[in-house]
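Excluded from the calculations below are hydrogen atoms, water molecules and symmetry mates; all remaining heavy atoms, backbone and side chain alike, are included. Letters A, B, ... are given to chains in the order of the sequence lines, protein chains preceding strands, and every chain is numbered from 1.
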Number of protein chains: 2
Amino acid sequence: MNRATIYSIAQELGVSASTVSRAFSRPDLVRDSVREQIVATAQRLGYQPNRFARGLATGRTGLIGLLVPDITNPFFPPVVRAIEQAAAGRDTDVLLADAGVDGMAEPALIERLRAQVDGLLIASPRTSSAALKEAIAGTPAVVINRALQGLPSVVVDNTAALQQAAQYMADSGHRKIALLCGPASSWAASRRAKAVRRWAEDSDAELVELGPFEAQFDDGRTAAADIIASGATGVLAFDDLMACGVLAGLADHGRKVPDDISVVGCDDVLLARTVTPALSTVTAPIDELGRHAVQALAQVVAGEPVENVKLEGSLTLRGTTTPAG
Amino acid sequence: MNRATIYSIAQELGVSASTVSRAFSRPDLVRDSVREQIVATAQRLGYQPNRFARGLATGRTGLIGLLVPDITNPFFPPVVRAIEQAAAGRDTDVLLADAGVDGMAEPALIERLRAQVDGLLIASPRTSSAALKEAIAGTPAVVINRALQGLPSVVVDNTAALQQAAQYMADSGHRKIALLCGPASSWAASRRAKAVRRWAEDSDAELVELGPFEAQFDDGRTAAADIIASGATGVLAFDDLMACGVLAGLADHGRKVPDDISVVGCDDVLLARTVTPALSTVTAPIDELGRHAVQALAQVVAGEPVENVKLEGSLTLRGTTTPAG
DNA sequence: ATGAAAGCGCTAACAA
DNA sequence: TTGTTAGCGCTTTCAT
């Protein structure tokens, strides 16, 4: 039963509703003894402020919307959790929207969410900048893992870790390295590819680019044949899912990892740890990502200035890669 | 800008606010020509009803709360998506709460959610019935994948599929089958174990029970040694994650799957399809689960009677199991 | 430090 | 079919 209101409490104590309201929203404005009584009976009655009434009065809902492109992609659940936990710490709840496979619907989803929340956290690697910006316009928002002109963002930058991975393979004696590119429309994919290309310029190892791929498991599996054909002995996959596909594909062709070929993924999703051998990959500080995202959004909502934040991914070496040297 | 209200529209058209309100909530009560005008200017002004005002007035928020124990467990993301999609179809949004590793907090999460939603969808395999029931009391709720005295539920029953899996292994010539039990406190775990035990009673294959385990990947991996020691050549794991662990553990010990040992998991999570060889498992109709859950909750909220719904899992044979015969 | 009163945007009788 | 009038529960001036 959600029956207790500030009025029932007020009546019970012979004070006014405003006092009860203040006891919660501006505790400093209420005499200690009174406040204690109020809190006590609130407790006893199981009172919880009605967020909608509060929202109506203040214009703040205590809700943020989180848009993810595909919650089924193992990269996102940890992100969702991190955000939700960070939000809970600020007494705000998270309205989740999953774009599903058809990213087409994202602007519509944003439209639906925006009316009910204080602000939006948007992870949308594929939708066009223009469409995204138009959909977001007028709503406090911060973008996750993507830079979008004029909007605050928090991203994890894997450039250094990826280059380190490439260098590590080169140091291990690999002369030809295959880069499996992610979706052409993906912001992260182009960043990652760029990082590796930049590395290759200063290296005497040879870079072979394959793709772009949709970045599904089967894409990686299929690509194995091309990798083998290319003669590359080291592979940098756009993400872990593709990397695991490559592992499977390599096994299909009887190639041993890491003896014949080394593989490195990106994101360090659950899969990376459950595959055999465990996948070398680039790990992102997801909890930090969540904290920063929520905090940045809070600032935007409050009208404060926000700086874009950039977190660093780090190389995690596991079983799909041989010792350097 | 979320500035347009029913009043701005009313004023603009020279009608009353109630008429505008009706145009949206009870369209049939408004003359066609007028409604069209209203809808048109609403459109033009970018009007969206304020859900909080509406919630205050009606007591309905258009929000449902979804509690999952661990969104990082690959079983849940598809469930979340299914529920969210089903909800979107009814113009309701989903407030997500993730209990995280420490399921302890679930009653607290429920407490936090209940005040802001029309009803709760609860997936909580581990929390005690008593605690759960107390936390839920007074809030419309339906329980997912668990039966809870007095509360409506929608569950997927894997009994038949599991027995079929066991029988399949027996038919393939396996004389000794290991059952890796899930967490003792898990409702699903006890159901699954029971199914297999019941099957064993009528079979002349021998059943070896191992566990209970926490059902993490490493539990399965570790259990591989015991499986080998037991002499079992077929294994039924509580879930896919453990099954994949078993696969890894068996590989550690140089055993071939499915040549030496057959393995069957349960749930058909993404992992099952990306492991090599692909895991034979039991597949649940998740989208249906979501639809039924949302619909059942809608009924509870509306005060209508609801029947518990039981969906059937089905056996999916893949590479970790040999042809019968 | 506290109370009175207005108002947030919407819905729901009740009248007309 | 439409308008009037009260609220829904809370916050927030403005007085006191």
Check whether any side-chain heavy atom of A:Phe75 lies under 4.5 Å from a side-chain heavy atom of A:Ile286, and answer yes or no. yes
Only residue of A:Val80, A:Leu66, A:Val294 satisfying side chain to side chain contact (heavy atoms under 4.5 Å, CB included) with A:Val94 is A:Leu66
Determine, stepwise, if the pair B:Val68 / B:Val79 fulfils side-chain contact (heavy atoms from CB on, under 4.5 Å). CA-CA 9 Å; B:Val68 297; B:Val79 173; 5.8 Å; no
Report which part of the nucleic acid A:Arg22 touches: base, sugar-phosphate, or nothing (heavy-atom distance under 4.0 Å, all strands). base
How would you label the contact of A:Phe24 with the nucleic acid (heavy atoms, under 4.0 Å): base, sugar-phosphate, or nothing? nothing
Heavy-atom side-chain contact between B:Asp98 and B:Phe76 under 4.5 Å: no
Looking at B:Thr61, is its backbone amide N or carbonyl O close enough to the side chain of B:Asp118 to form a donor-acceptor pair, meaning the two atoms are under 3.5 Å apart? yes
To the nearest Å, give me how far apart CG (B:Leu29) and C1' (C:dT11) are. 12 Å
Residue closer to the 5' end of DNA chain C, B:Asn50 versus A:Asp28 (nearest nucleotide): A:Asp28
Rounded to the nearest angstrom, tell me the gap between atom CZ in A:Arg51 and atom C1' in D:dT11. 15 Å
Members of residues 52-60 of chain A that approach DNA chain D, where some heavy atom sits under 4.0 Å away: A:Ala53, A:Arg54, A:Leu56, A:Ala57, A:Thr58
Please check this pair: side chain of B:Arg146 against backbone of B:Ile122, looking for a donor-acceptor N/O pair closer than 3.5 Å. no
How about B:Glu106 and B:Thr127: does a side-chain donor come under 3.5 Å of a side-chain acceptor? yes
Atom CZ of A:Arg26 to atom C1' of C:dG3: distance rounded to whole Å? 17 Å
Which residues, if any, of residues 6-19 of chain A bring a heavy atom under 4.0 Å of DNA chain D? A:Ile6, A:Tyr7, A:Ser18
Report yes or no: do B:Ser21 and B:Ser18 form a side-chain donor-acceptor pair below 3.5 Å? no
Comparing B:Asp32 and A:Ser21 on DNA chain D - which has the more 5′ nearest nucleotide: B:Asp32
